[in-house]
**Q** 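Next up is a structure, given as structure tokens.
The shown structure was predicted, so the numbers you read here are calculated from the model rather than taken from an experiment. Quick note: numbers below take in every heavy atom, side chains included, and nothing from hydrogens, waters or symmetry partners. Lettering follows sequence order; numbering is per chain, from 1.
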Amino acid sequence: MTRKSSTGAETSKTGVPREIAAAPRLLEWYDRHRRALPWRAPPGESADPYAVWLSEIMLQQTTVAAVKAYYVTFLALWPDVAALAAAPVDEIMKRWAGLGYYSRARNLHACAQTVVAGHGGRFPGTEAALRALPGIGPYTAAAIAAIAFDQRAVVIDGNVDRVIVRRHGIEQPIALAKPEIRRLADAATPAGRPGDYAQAMMDLGATICTPRKPACVICPLAEGCVARISGRQEVLPVKGVKAARPLRLGSVFYIRRGTEVLVRTRPPKGLLGGMTEFPGSAWDAVGDPEGKAAPLAAIHRRLPAPVEHGFTHFELRLTVFVADMPRKTPAPDGCRWVPEEGLDGEALPGLMRKVAAAVNLFG
DNA sequence: AACCCGTGGCC
DNA sequence: TGGCCAAGGGT
């Protein structure tokens with residue numbers, strides 16, 4: 001007979017939690033349907049900790065599709081942790097440009113240097129030691145320990161959250177259910193093939209137990225899934241209350257000197273930390289509609305349409321001003337001239353690429 | 001604990 | 001079109 005335990009976990013007639021029995025089913029499915037990804041070792045081969053680490057950092061809050069090309073480039077430029085540690089951080093920022101969450105790039109470099117200087121150039125093989133490295137949090141430490149070092153670690157990412165919430169019919173928002181999710185994930189994690197199990201959960205979440213329209217009909221874990229049985233697979237997980245995204249305004253100045261353009265480097269920490277930008281005003285509720293924040297006194301033309309960009313927690317609308325300066329105009333303090341042709345090679349974030357594109361279009 | 005931190009693709 | 005979402009970490 002079937003009953004519910006106090007945690008809400010389904011139990012079989014033997015009293016064994018279904019999650020334990022589910023692992024072999026999941027691994028069998030993984031062996032047939034695993035995605036081929038550039039950072040994955042072939043079946044049966046052990047993964048390179050450096051490759052696993054690099055991919056996991058890039059994949060933090062970032063889609064597989066966006067990561068692939070960056071990963072291939074990084075691995076070609078810096079094939080091992082020593083090479084990455086020896087690279088100038090500016091070069092890493094440039095190659096990271098466009099991928100977002102730029103503190104990851106700075107931490108990537110810091111982590112590589114720590115591994116070289118403090119661990120003899122080899123990644124530590126325990127979850128606790130990995131967790132102590134810059135840019136490696138609970139998820140990434142567990143993932144590397146499991147995938148690269150074959151250790152039984154409880155790997156919980158957004159996919160695992162979603163799969164477990166559905167499988168157990170948890171009706172609370174994920175943020176409130178974290179402790180229970182952790183308990184259930186721990187109970188479900190097998191001792192054998194921990195890396196494959198972790199990646200199987202991610203593949204399941206990415207291809208079958210997707211956020212929208214999950215493909216329960218072909219799901220290897222459909223049996224015993226509370227959400228599936230109750231028809232609530234498209235309702236769970238319940239979403240939490242989202243904070244409103246305020247609008248911030250500002251100005252940005254695209255100032256040319258012949259074939260060069262004026263740029264500066266943002267402070268190392270905070271939004272777009274360490275990245276290159278065109279000079280401009282602060283971003284606030286008021287903005288700079290008249291272009292008073294111009295770094296050089298000049299005749300500026302205002303582009304007909306502002307550049308808009310969505311960040312995680314606010315929306316930005318930038319008024320773009322364009323000016324042309326005489327050949328020998330010196331760069332103001334904190335700014336420098338760079339060839340327009342070389343902008344692609346700068347550590348230019350997506351927002352600033354939008355600005356450059358708007359200038360090319362209108363000005 | 002609650003914010004802060006990018007970007008592109010999806011429907 | 002706009003809100004949602006993606007292999008989270010730092011503070």
Side-chain angles (χ1 to χ4, degrees), chain A residues 34-35 37-40 47 51-71 93 96-108 110-111 130-148 153 155-163 173-176 178-179 185 195 197-207 209-214 234 237-248 266-275 277 283 308-316 347-354:
Chain A
R34 54 176 279 165
R35 292 176 291 174
L37 300 172
W39 46 87
R40 279 189 178 166
V52 174
W53 164 72
L54 179 60
S55 68
E56 289 298 344
I57 300 300
M58 288 184 166
L59 286 162
Q60 288 168 1
Q61 294 291 287
T62 309
T63 58
V64 165
V67 163
K68 278 183 179 173
Y70 283 85
Y71 173 82
M93 302 303 289
W96 197 278
L99 199 55
Y101 287 131
Y102 297 101
S103 67
R104 292 185 295 174
R106 195 167 292 278
N107 283 332
L108 191 82
C111 183
L130 288 162
R131 176 71 183 79
L133 294 169
I136 298 183
Y139 160 74
T140 305
I144 298 173
I147 298 170
V155 180
I156 303 175
D157 71 333
N159 290 304
V160 175
D161 281 336
R162 186 171 57 254
V163 170
I174 287 173
L176 295 179
K178 284 290 182 186
Y197 176 79
Q199 294 178 94
M201 287 290 280
M202 297 176 205
D203 277 16
L204 187 76
T207 65
C209 197
T210 49
R212 285 173 302 210
K213 305 277 185 185
E234 294 189 24
V238 173
K239 295 145 197 84
V241 282
K242 64 246 173 204
R245 264 194 340 181
L247 175 65
R248 293 188 195 173
R266 293 177 63 87
K269 295 188 176 179
L271 186 72
L272 306 176
M275 302 298 285
E277 69 174 359
W283 304 340
E308 299 187 336
H309 191 74
F311 288 98
T312 308
H313 55 293
F314 68 93
E315 189 85 21
L316 181 63
L348 214 59
L351 163 64
M352 292 297 152
R353 291 179 192 273
K354 273 190 197 177

**Q** Go through the side-chain N and O atoms of Gln60(A) and Arg104(A) and say whether any donor and acceptor fall under 3.5 Å apart.
**A** no
**Q** Would you kindly give the CZ-to-C1' distance between Arg162(A) and dA6(C), to the nearest whole Å?
**A** 9 Å
**Q** Which comes earlier along DNA chain C counting from the 5' end, the contact point of Arg35(A) or that of Pro134(A), where each point is its nearest nucleotide?
**A** Arg35(A)
**Q** Could you tell me the separation between the CD atom of Glu56(A) and the P atom of dG9(C), rounded to a whole number of Å?
**A** 9 Å
**Q** For Arg106(A), report the nucleic acid contact type (base, sugar-phosphate, nothing); a contact means any heavy atom under 4.0 Å.
**A** nothing
**Q** Say we look at dG6(B) and dC4(C): how far apart would their C1' atoms be, to the nearest angstrom?
**A** 15 Å
**Q** Check this for me, if you would: do Asp203(A) and Arg35(A) make a salt bridge, where the nitrogen-to-carboxylate-oxygen distance has to be below 4.0 angstrom?
**A** yes
**Q** Could you tell me how far apart Lys242(A) (NZ) and dC5(C) (C1') are, to the nearest whole angstrom?
**A** 13 Å
**Q** Distance check needed: dA6(C) P versus Asp161(A) CG, whole Å only.
**A** 9 Å
**Q** How many Å lie between CD1 on Ile156(A) and P on dG9(C), as a whole number?
**A** 11 Å
**Q** Sequence neighbours excluded, which residues qualify as ring-ring contact (aromatic ring centres under 6.0 Å, His included) partners of Trp39(A)?
**A** Tyr71(A)
**Q** Base, sugar-phosphate or nothing for Arg353(A)? Non-hydrogen atoms, less than 4.0 Å.
**A** nothing
**Q** Regarding Leu37(A), tell me which of base, sugar-phosphate or nothing describes its non-hydrogen contacts under 4.0 Å with the strands shown.
**A** base
**Q** Indicate for each nucleotide in nucleotides 1-11 of chain B, in 5' to 3' sequence, whether protein heavy atoms under 4.0 Å reach the base (B), only the sugar-phosphate (S), or nothing (-).
**A** ---SBBB----
**Q** Please work out if Ser55(A) contacts a base, only the sugar-phosphate, or nothing of the nucleic acid, heavy-atom cut-off 4.0 Å.
**A** nothing
**Q** If you look at every strand shown and take non-hydrogen atoms under 4.0 Å, does Trp53(A) touch a base, only sugar-phosphate, or nothing?
**A** nothing
**Q** Considering only atom C1', compute the distance from dA7(C) to dC3(B) and round it to an integer number of Å.
**A** 22 Å
**Q** Tell me the interatomic distance from Ile57(A), atom CD1, to dG8(C), atom P, rounded to whole angstroms.
**A** 11 Å
**Q** Could I get the full list of side-chain hydrogen bond (donor to acceptor under 3.5 Å, both in side chains) partners for Ser55(A), not counting sequence neighbours?
**A** none
**Q** Which residues satisfy the ring-ring contact (aromatic ring centres under 6.0 Å, His included) test with Phe311(A), sequence neighbours excluded?
**A** His309(A), Phe314(A)
**Q** Rounded to whole Å, how long is the line connecting atom CG of Leu54(A) with atom C1' of dA7(C)?
**A** 13 Å
**Q** Check whether any side-chain nitrogen or oxygen of Lys239(A) sits under 4.0 Å from OP1 or OP2 of dC4(C), and answer yes or no.
**A** no
**Q** Which residues pass the side-chain hydrogen bond (donor to acceptor under 3.5 Å, both in side chains) test with Glu315(A), not counting sequence neighbours?
**A** Arg245(A)
**Q** Which residues pass the side-chain contact (heavy atoms from CB on, under 4.5 Å) test with Ala143(A), sequence neighbours left out?
**A** Glu56(A), Tyr139(A), Ile147(A), Val155(A)
**Q** How many Å lie between NZ on Lys213(A) and P on dC5(C), as a whole number?
**A** 15 Å
